[in-house]
K.L.:
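This is the structure, below, for whatever I ask next.
Just so you know, these numbers use all the heavy atoms, side chains as well, and skip hydrogens, waters and symmetry mates.
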Amino acid sequence: MISHDSLDALPASRTRDYVRGLLVEHGALPRRDELLARFTTWSDQALDRLPR
């Protein structure tokens, strides 16, 4: 099944973003706040880089 999570698991690329946009525009995926999604991914990666 195609979902935002399955697309997020793919390597970041303009093609991935384009396909996501098409799927959202045509109703195959629900809309989501892309800025929030990018920030969440970035913050999770930043926290993983911190020493424990």
K.L.:
Give the C-alpha distance, both sets of side-chain angles, the deciding distance and a yes or no for salt bridge (Lys or Arg N to Asp or Glu O under 4.0 Å) between Asp8 and Arg32.
P.N.:
CA-CA 13 Å; Asp8 289 341; Arg32 73 173 184 176; 3.0 Å; yes
K.L.:
How long is the gap from CG on Leu23 to CG on Leu7, to the nearest 0.5 Å?
P.N.:
6.5 Å
K.L.:
Flag the pair His4 / Val24 as yes when at least one side-chain heavy-atom distance between them is below 4.5 Å, and no otherwise.
P.N.:
yes
K.L.:
Name each donor-acceptor pair under 3.5 Å that joins a side chain in residues 41-49 to protein atoms two or more places apart or in another chain, with its distance.
P.N.:
{"residue": "Thr41", "atom": "OG1", "partner": "Ala37", "partner atom": "O", "Å": "3.1"}
{"residue": "Ser43", "atom": "OG", "partner": "Phe39", "partner atom": "O", "Å": "3.2"}
{"residue": "Ser43", "atom": "OG", "partner": "Thr40", "partner atom": "O", "Å": "3.0"}

K.L.:
A quick test of your reading: do over 12 heavy atoms of other residues, nucleotides or ligands sit less than 6.0 Å from CG of Leu10?
P.N.:
yes
K.L.:
How many angstroms lie between atom CG of Leu29 and atom CZ of Arg20, to the nearest 0.5 angstrom?
P.N.:
7.5 Å
K.L.:
Say you draw a straight line from CG of Asp17 to CG of Leu22; how long is it, rounded to the nearest 0.5 Å?
P.N.:
11.0 Å
